[in-house]
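Notes follow once the structure below has been shown.
All values reported here derive from a predicted model rather than from experimental measurement. The chains referred to below are lettered A, B, ... by the order of the sequence lines, with proteins before strands, and numbering in each begins at 1.
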Amino acid sequence: MRKPTITLLTDFGMKDHYVASMKGVILSINPQCNLIDITHQVSPQNIQEGAFILANSYSSFPKGTIHLSVVDPGVGGIRKPILLVTQNYFFVGPDNGLFTLVAQREKVEKIIVLTQQKYFLTKLSTTFHGRDIFAPVAAHLSLGIQPNAFGDQTRAWVKVRFGKPAIEKGRLLGEVLHIDTFGNFVSNIDEKIFFRFTKERPYVIWVGKKKIHHLGKGYWEGKPGEPMALIGSSGYLEISMNKGNAQKTLKMKRGDPIQVDLKTKA
Amino acid sequence: MRKPTITLLTDFGMKDHYVASMKGVILSINPQCNLIDITHQVSPQNIQEGAFILANSYSSFPKGTIHLSVVDPGVGGIRKPILLVTQNYFFVGPDNGLFTLVAQREKVEKIIVLTQQKYFLTKLSTTFHGRDIFAPVAAHLSLGIQPNAFGDQTRAWVKVRFGKPAIEKGRLLGEVLHIDTFGNFVSNIDEKIFFRFTKERPYVIWVGKKKIHHLGKGYWEGKPGEPMALIGSSGYLEISMNKGNAQKTLKMKRGDPIQVDLKTKA
Amino acid sequence: MRKPTITLLTDFGMKDHYVASMKGVILSINPQCNLIDITHQVSPQNIQEGAFILANSYSSFPKGTIHLSVVDPGVGGIRKPILLVTQNYFFVGPDNGLFTLVAQREKVEKIIVLTQQKYFLTKLSTTFHGRDIFAPVAAHLSLGIQPNAFGDQTRAWVKVRFGKPAIEKGRLLGEVLHIDTFGNFVSNIDEKIFFRFTKERPYVIWVGKKKIHHLGKGYWEGKPGEPMALIGSSGYLEISMNKGNAQKTLKMKRGDPIQVDLKTKA
């Protein structure tokens, strides 16, 4: 019998007891669970960042994995707790847009609003639904309880906006979607859009005032201290710096523009 | 057969090899153990902080869980290594007060001084009893070795002081017990004391020079940038800031006063 | 049947999806694996630091453990992916010196260059071999695939330089090998060399301009604010500060000298 895996993604950090409390609750319900941290260092209350990290990791896990994701600035308020069932995975968390990107990539089968209190902890706080609602629901789900048992289906659910790349006046206009631990800028321009736009024609990638003239094959190609571009491991156009940290040098932030221009003949 | 869970709480951080060495030692003795991190980011040598985080997480875990806790500024000196057995759990660590709060909440059955060297690593360092004494004892315990096998019982053990809330001249005087990752101030005033003192009468909560006039139901009620009060998920009066960080704004620290005054009729 | 353990050591940090992606890949291949983090906080691209942390933790784990180690500044370039098989363990990672110290301590049986693509992910990125090559190889290894199946043996592999202590003009010249989370300086002078040099004669340990005249037995012996010396838990001469942080006070860095002089009779 295969042990079910539950992943955890939160903005709780690892210093406090919050993550451990969730894990304890899960193991008290299903001691056979395999608990894997995705991250607990989502920037506080940053739903988009959580959505991005989840979207880039969930599909590496075995089919049937339960992804428990809690970035929840509206905890205790009117936002609903939900279970999103896709063809391959389960996602449990607040209905605030955290699953926006996942739903663009996975076939969503149903969305359940979590209302059946028998699957929650007995005493609910208004500030820690990760422990009181989401963890016990994920644990019961891992025991084989059917999704429909947790509440009714809904079709209305919340999405957050992610800037999409656009083509205007012959320019491909993108933006910084994520800045990773190494200071790499991950743009919102995926490889399909990039190559469909450039079509083997010469181009310039603008990163602030810096120009980059071609894609590298790997970090090792970049000159130290100079920004380089490549298609990163998640399939997006990425700006990086060999033996350095692009973010520290270029000081760009999430949402800043990354543009591709076709070179015009002189 | 249920896999025993061992939790780990230390001030070792996650950068060095210290935590991994402890886990390796445990798995070498009992490969079936389920290892769960509570935290390794207790502020260095801060026994009170460790005690607080442990007290807020241990009881979420299944009965029989072994809590291995090492914040140990006196390692290698005269402080004793102990095993505290409560009705529901086991606690292994240094006798320096780390279990003070746990012992206020759990029924303590016995306290064993760890002296039986056959359950330690063969070569003892004077600086890393986490690896050499506490980890192997926890691992042997998880194999079903009886507590009495590890040493003799004691009744004398160390507690650390935690400021308790007091009522003086009609004021409820508390203090900041913990500052969490989100910058929330957790006070030492628990909900029972708070409501017994206020008895539905109007009150003012003083946080530094700021006044708060009522408890919120959840973070979402707070005005951005303004401190708010609520009963937090651990059952204590907590000062928070919706979409902000109370600690960064108010610059208070552990031990600073949080007071509740009853409003007098004019 | 014993569950195989795979440890992970990287410089990926815990904020991004990188570590979780590797774990997902492993569990998709072998759901029975026990995954244990050594650290993900190796300083970015610091092969020597990774080598030191790995060398100080690998041997605590059960025989047969697979150590998956990825600090990989040359990812996607000409450096080879390798599997190092020692008498007791397996090490999977880039051939860039990360296993230098391990190979000084373990009997190396063979080194395999990973070339059999059927054990890699189908689509290889040029920037994330941790996910695409090293994780799936470690997972297949944990299923019992024989080392030789992954590629051909080699005898040529990369080592990095670690300063070795030297004796010159009656002085034992060492250096700072590692600075740990507590600010302790771990030198490259191991206890055998130290005692063979000092032979119970009086000595002075120079740490910058500070002099230390004897070894302490444990941290508790040190005067607060004053540096002290002891043999640390890894068996090296270590400079520490009781109730303080030697690094913050002395501001030394990796590679700075730590010297032992014999006292001459006046």
Check your understanding: Do you know which of A:G77, A:A135, A:G13 has the most heavy-atom pairs under 4.5 Å to chain B?
Key ->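 Top option by heavy-atom pairs under 4.5 Å: A:G77.
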So which part of [X] gets closer than 4.5 Å to some heavy atom of chain A, the side chain, the backbone, both or neither?
{"X": "B:S59", "value": "neither"}
{"X": "B:E49", "value": "side chain"}
{"X": "B:I53", "value": "both"}
{"X": "B:L54", "value": "neither"}
{"X": "B:N245", "value": "neither"}

Check your understanding: Any idea which of B:L9, B:N56, B:T7 has the most non-hydrogen atom pairs under 4.5 angstrom with chain A?
Key ->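 Sorted descending by pairs with chain A, the first entry is B:N56.
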So what's closer than 4.5 Å to chain B heavy atoms on [X]: side chain, backbone, both or neither?
{"X": "A:S125", "value": "side chain"}
{"X": "A:L35", "value": "side chain"}
{"X": "A:V19", "value": "neither"}
{"X": "A:D11", "value": "both"}
{"X": "A:R131", "value": "side chain"}

Point to revise | Donor-acceptor pair between A:K15 and B:S43 side chains, under 3.5 angstrom | key: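 Checked: A:K15/B:S43 side chains pair up, N/O donor to acceptor below 3.5 Å.
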Check your understanding: Is the count of non-hydrogen atoms from other residues, nucleotides or ligands lying under 6.0 Å from B:K164 atom NZ greater than 12?
Key ->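 Atom NZ in B:K164 is not crowded, with 12 or fewer foreign heavy atoms closer than 6.0 Å.
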Practice item. Keeping the roles fixed (side chain from A:D16, backbone from A:Y18), state whether a donor-acceptor pair exists under 3.5 Å. Key: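 Such a contact is absent between A:D16 side chain and A:Y18 backbone.
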Check your understanding: CG of A:D132 to CZ of A:F134: how many Å apart, nearest 0.5 Å?
Key ->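 One gets 10.0 Å once the value is rounded to the nearest 0.5 Å.
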